[in-house]
Amino acid sequence: MNIIYFSPTHTSALVAESIAKGMGATELNILDFTYTDISESPLKEGPVIIAAPVYAGRIAKTAMARFASLKGNGNLAVVVAVYGNRHYEDALIELYDFANAAGFNTIAASAFIGEHSYSRPEMPTAAGRPDHTDLKIAFEFGESIRKKIESGNLNAPQSIPGNRPYTEKGPATPATPITSEELCTQCGTCIDYCPTQAISLKDEIESDIERCIKCCACVKICPNEARIFNTPYTELLHKNFSRRREPEMCI
């Protein structure tokens, strides 16, 4: 069993691994594209799960760029879009189309919920997700896929939510988390966990606003809560998208 993911805050990875367990995987070949492009993708025999986060209704641009080297060679595939409880819009169909164009035979697709990148303890949006219930659903989805394969049905799902052509993203607003000099101990954890190498240590912790993709992995991983991302979208998301949404599956 192969798992391919881009997962800065580990939500996509968690969902993919639960699906794999439900499919009966006993050994996982994990290709983690979070921190680097894997120019050679050594897929092993067996199905492939491809998982990535949704940014503004589309699959994260960095994930799509790094996945470009993948070659499916007819492997069965399951695609998973993980979004922050607002909506996944055209992301799932985008990932589905990509997988098929790369040579995979995509037989299932799903959209799961992960804690939003902008979620904060005082204004949470999907905090703690995927939670136990989500991972149980992911496991059961995997069981359904296993039964589908065992039945000999290798057809694509009848329909995938989303639009073609995909909705165009608006221009990105450059922004990056900042560091509290009072709280920062310059431990370097944020540097290690940044998926685009946007953080460096000079006289102090510095962030490259052009490289930052606002995944907020550095904010969530900092052991001293020294990384801060102030954006009005945190409050907007908390006010308008806190009602629990449930995973959607196509098989």
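FYI, side chains are in, hydrogens and waters are out, and symmetry mates aren't considered; it's all heavy atoms of this structure. These figures come from a predicted structure and were not determined experimentally.
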_I'd like to know if I213 and Y88 are part of one continuous hydrophobic network [Ile/Leu/Val/Met/Phe/Trp/Tyr, side-chain heavy atoms within less than 4.5 Å]._
yes
*How long is the gap from CZ on R211 to OG1 on T62, to the nearest 0.5 Å?*
10.0 Å
*Judged by atom type as modelled, is there a donor-acceptor pair below 3.5 Å linking the side chain of K61 to the main-chain atoms of Y55?*
no
*More than 12 non-hydrogen atoms from neighbouring residues, nucleotides or ligands closer than 6.0 Å to CD on E225, yes or no?*
no
*Sidechain-backbone polar pair: D131 side chain, T133 backbone, donor-acceptor under 3.5 Å*: yes
*What's the spacing between M23 CE and I149 CD1 if we round to 0.5 Å?*
4.0 Å
*Do Y5 and F33 have ring centroids that are under 6.0 Å from one another?*
no
*Are V79 and L14 joined in one hydrophobic group, where the rule is that I, L, V, M, F, W and Y side chains link up if heavy atoms are under 4.5 Å apart?*
no
_Under 4.0 Å between a side-chain nitrogen and a carboxylate oxygen: does that hold for E94 and R58?_
yes
*Evaluate the criterion side chain to side chain contact (heavy atoms under 4.5 Å, CB included) for residue pair K44 and M1; output intermediate values, then yes/no.*
CA-CA 7 Å; K44 293 186 177 180; M1 174 76 70; over 6 Å; no
*Shortest non-hydrogen contact from A111 to Y83?*
CB-CE2, 4.1 Å
*Is K202 salt-bridged to E204, going by a charged N under 4.0 Å from an acidic O?*
no
_For E140, is there an ion pair with K136 - N to carboxylate O distance below 4.0 angstrom?_
yes
_Between E45 and N2, does the side chain to side chain contact (heavy atoms under 4.5 Å, CB included) criterion hold? Intermediate values first, please._
CA-CA 8 Å; E45 185 177 351; N2 303 274; over 6 Å; no
*Check N105 against G74 and note the closest heavy-atom contact, atom names and distance.*
CB-O, 4.0 Å
*Distance, nearest 0.5 Å, that separates OG of S117 from CZ of F229*: 9.5 Å
*asked:* Let me check something: do V54 and F241 share a hydrophobic cluster, defined by ILVMFWY side-chain heavy atoms less than 4.5 Å apart, either directly or through other members?
replied: no
*Under 4.5 Å between any side-chain heavy atoms of I191 and L201, yes or no?*
yes
_Rounded at 0.5 Å granularity, tell me how far CD1 in I3 sits from CD1 in I19._
8.5 Å
*Which pair of heavy atoms, one from P177 and one from C212, lies closest together, and at what distance?*
CD-SG, 3.8 Å
*asked:* Less than 4.5 Å apart, side chain to side chain, heavy atoms only: is that true for C184 and C222?
replied: no
*Is the closest side-chain heavy-atom distance between P130 and T11 below 4.5 Å?*
yes
*asked:* Please determine whether the number of non-hydrogen atoms from other residues, nucleotides or ligands lying under 6.0 Å from atom CD of E122 exceeds 12.
replied: yes
*Without swapping roles, check the side chain of S7 against the backbone of A13 for a donor-acceptor pair under 3.5 Å.*
yes
_With side chain to side chain contact (heavy atoms under 4.5 Å, CB included) as the criterion, how do V48 and I4 come out once you've worked through the C-alpha distance, each side chain's angles and the decisive distance to 0.1 Å?_
CA-CA 7 Å; V48 180; I4 296 166; 3.5 Å; yes
*Assess the side chains of S180 and R227: does a donor N or O sit below 3.5 Å from an acceptor N or O?*
no
_Side-chain donor/acceptor of H238 to backbone N/O of P124, under 3.5 Å_ = yes
*With a 4.5 Å heavy-atom cut-off, do S119 and R129 have their side chains touching?*
no
*How many angstroms lie between atom CZ of R66 and atom CG of D32, to the nearest 0.5 angstrom?*
9.5 Å
*Under 4.5 Å between any side-chain heavy atoms of C215 and P195, yes or no?*
yes
*In sequence, state the C-alpha distance, the side-chain angles, and the governing distance for Y166 and I93, and then conclude on side chain to side chain contact (heavy atoms under 4.5 Å, CB included).*
CA-CA 9 Å; Y166 319 129; I93 199 167; 3.9 Å; yes
_I'd like to know if the side chain of N163 reaches the main chain of E89, judged simply by a donor and an acceptor atom lying under 3.5 Å from each other, with no hydrogens or angles considered._
no
*Give a yes-or-no answer on whether the side chains of D90 and T167 include a donor-acceptor pair shorter than 3.5 Å.*
yes
*Can you tell me if CD on E150 sees more than 12 non-hydrogen neighbours from other groups inside 6.0 Å?*
yes
*Test item: side-chain donor near acceptor, N153 and N155, under 3.5 Å*: yes
*asked:* Name the residue from H116, R120, M123 that meets the side chain to side chain contact (heavy atoms under 4.5 Å, CB included) definition with L237.
replied: H116
*State the CG-CZ distance between N85 and R245, to the nearest 0.5 angstrom.*
7.0 Å
_For Y233, I'd like to know if atom OH has over 12 heavy atoms of other residues, nucleotides or ligands within 6.0 Å._
no
_Side-chain heavy atoms of I199 within contact of E206, under 4.5 Å_ = no
*With side chains defined as the heavy atoms from C-beta onward, is the minimum distance between Y96 and I50 less than 4.5 Å?*
no
*Indicate whether the side chain of Y35 and that of Q197 have a donor and an acceptor atom separated by less than 3.5 Å.*
no
*Minimum-distance pair of heavy atoms, taken over all atoms of L95 and V80*: CD2-O, 3.5 Å
*Can you name the closest pair of heavy atoms from A102 and L70 and give their distance?*
CB-O, 3.8 Å
*Nearest non-hydrogen partners of A109 and P157, listed with the distance*: N-CG, 4.4 Å
*Electrostatic pair R164-D97, nearest N-O below 4.0 angstrom*: yes
*Given the rule that I, L, V, M, F, W and Y join up when any side-chain heavy atoms are under 4.5 Å apart, are I160 and V15 in one cluster?*
no
*Any side-chain heavy atom of I251 sitting closer than 4.5 Å to one from K148?*
yes
*Would you call R244 and D134 a salt bridge, taking side-chain N to carboxylate O under 4.0 Å as the test?*
yes
_Closer than 3.5 angstrom, by distance alone: can the side chain of K169 be matched with the main-chain N or O of G57 as a donor-acceptor pair?_
no
*Look at atom OH of Y193 and say whether more than 12 heavy atoms of other residues, nucleotides or ligands are closer to it than 6.0 Å.*
no
*Quick one: do K21 and E17 make a salt bridge, cutoff under 4.0 Å?*
no
*Linking I/L/V/M/F/W/Y whenever their side-chain heavy atoms sit closer than 4.5 Å, directly or via other members, would M249 and I107 fall into one cluster?*
yes
